[in-house]
2 protein chains.
Amino acid sequence: MTDKQRHSWVSIRDSIREMILNSTYGPGDKLPRDEEFAAQFGCARSTVHRAMRDLAQSGLVERRRKGGTTVRRDPVTRATLNIPITRLEVEQKGSTYGYQLIRQSVQPTSPAIMANFALPEARPMLRVEALHLADSRPYIFEDRWICLETVPEITSVDLTRESANEWLVRNRPYSRCDLRLYARPGSANDSEILQSKPGDALFVMERTTWIGEAPITSLSAVAHPGYQLFTQG
Amino acid sequence: MTDKQRHSWVSIRDSIREMILNSTYGPGDKLPRDEEFAAQFGCARSTVHRAMRDLAQSGLVERRRKGGTTVRRDPVTRATLNIPITRLEVEQKGSTYGYQLIRQSVQPTSPAIMANFALPEARPMLRVEALHLADSRPYIFEDRWICLETVPEITSVDLTRESANEWLVRNRPYSRCDLRLYARPGSANDSEILQSKPGDALFVMERTTWIGEAPITSLSAVAHPGYQLFTQG
DNA sequence: TACATTAATATGTAGCTACATAATAATGTC
DNA sequence: GACATTATTATGTAGCTACATATTAATGTA
């Protein structure tokens, strides 16, 4: 009795995931070809393909041309982080956003920033240190380097009024973003800026972006004690 | 001269992104319909659709049926975190993996864990405290709660030999995963287990997973001082 | 046997059609 | 004018065909 109802790729995906879950296909096993699954489910290969692409993206299976599809031996947890503009993050929590430029100057790239960009030699960059506030309390301190060759217009932006964070995100989409997250103890300098106590544990987000091969910006954002980063399911 | 060469959805996506980048379409603007773009580029609507889906997923545009496609006013940085099994993470760094069960006992759900699962009432859970080691040094300490109703088989697993982390990830795929990341100062207890100094800043990853509506596990993983979490671009 | 060449194969992509779905706009009725 | 009903519209999905691409397997040759 061939079922003639249409099958959504979501239901196909769930069926295949279920089979992997209940060990019909175990870790390392090769799955049937898309065409076979299509025949089995009574749907088109394109529908199976869509389902498979999703399973591959979520890290459950691996696909290789000619090699076929295999269940990953070492499943990974893949989570998508949503990092909004800081102002919006603050406002969404119902707080009043504040912004404060601390320092800005043109400098040659520091070794650490060169490493972030994987640059072989130093380039002129604008270094901007600024503080984001929530209800007048320090929220996130950012130490940002902006590549002047890639973003020359930044010099004509009044960074005392508009944060570089916001200007860049609105005016300079990027094609690649590297992220690094870690914790570090607050220094004396942190204490002063973030009004934290020395010895507080601070959450640090380092972000480096490119457009094509050209470096845009690299920054380290240090959050106030108690800050938490969530996934948006 | 209509170009009859085939256009890949990647190149279409890049073209549209480029237009958004160079302000042909600004934040909040409505983009042309897929069909119009297709005519403009000389490709099929499905190709534009594929490109648009990618742009929507990366957070640059928003799509709504009938409403059309608009450039997001508040672009977000979307980054995908890859959280592998701890053993593999350690081995991939070239270190020798070690594992040590510290405690395990059946307990009613603690209020904090109930909140993570959004459970209205307590359920019997297996609480497992274990330490992952890299080259015999503490790497990550995990305090895990496993729902016995959803995963009854866990009671027959010898958790002194195999980590719950590994058993679950191999045997219990999840459909939903919530993640929370933050920093906290090390306590005296942490110092003992992680061999950290009191006052060290510790990186904490809290992870809660479900299969369908059923809770699987909720854990807090505390990493050794110096631990960093990366995105895999 | 060793190595280069060729064939086979499973996934990946582009293009088309047809229809589904959600959200807005237009319309009708009281 | 207020509200329910209906049409319109842009995206979303399913199915099909054809071809591209990467990789393995098979084959041929020295």
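Since we're looking at a predicted model, the values are computed, not measured. Values reported hereafter were calculated over all heavy atoms of this structure, with side chains retained and with hydrogens, waters and symmetry mates removed. Residue numbers begin at 1 in each chain, while the letters A, B, ... track the order of the sequences.
D54(B) places its CG atom 16 Å from the C1' atom of dG12(D), with the value rounded to the nearest Å. Taking atom CD of E36(A) as the reference point, atom P of dT9(C) lies 13 Å away to the nearest angstrom. Look at NE2 on H7(A): it is 13 Å from C1' on dG15(D), rounded to the nearest Å. Summarising the geometry, the separation between CD on Q57(A) and P on dT11(C) is reported as 18 Å, rounded to the nearest angstrom. Going from atom CD of E62(B) over to atom P of dA23(C) covers 13 Å, rounded to whole Å. Residue R50(B) contributes atom CZ, which lies 6 Å from atom C1' of dT13(C) at whole-angstrom precision. Between M52(A) atom CE and dT13(C) atom P there is a gap of 15 Å when expressed in whole angstrom units. Between the C1' atom of dT21(C) and the CZ atom of R63(B) lies a distance of 14 Å, rounded to the nearest Å.
Relative to the side chain of C43(B), the nucleotides dG12(C), dT24(C), dG15(C) differ in distance, and dG15(C) lies closest. In this structure, of dT24(D), dA14(C), dC16(D), it is dT24(D) that holds the atom nearest to the side chain of K66(A). Listed nucleotides dG12(C), dA14(D), dT24(C) differ in distance to W9(A); the shortest reach to its side chain belongs to dA14(D).
Remark: R50(B) does not engage D34(B) in a salt bridge, criterion side-chain N to carboxylate O under 4.0 Å. A salt bridge between K93(B) and E89(B) is absent, with no side-chain N of the basic residue lying under 4.0 Å from a carboxylate O of the acidic one. Between D178(A) and R180(A), none of the side-chain N atoms (NZ, or NE/NH1/NH2) sits under 4.0 Å from a carboxylate O, so this pair counts as no salt bridge.
Looking at which nucleotide of DNA chain D each of V10(A) and R65(A) is closest to, the 5′-most match is held by V10(A).
Taking side-chain N and O atoms only, R64(A) has no distance below 4.0 Å to OP1 or OP2 of dT23(D). Between T69(A) and the phosphate of dA10(C), there is no side-chain N or O to OP1/OP2 separation shorter than 4.0 Å.
A donor and an acceptor atom sit less than 3.5 Å apart, one in the side chain of R45(B) and one in the base of dG12(D).
Aromatic ring orientation, Y139(B) versus Y227(B): perpendicular (interplanar angle above 60°, classes split at 30° and 60°).
Nucleic acid contact class of T47(A) (heavy atoms, under 4.0 Å, all strands): sugar-phosphate only. Nucleic acid contact for G68(B): sugar-phosphate only, since backbone atoms but no base atoms lie under 4.0 Å from a heavy atom of the residue.
There is no side-chain donor-acceptor pair under 3.5 Å between R123(B) and T109(B).
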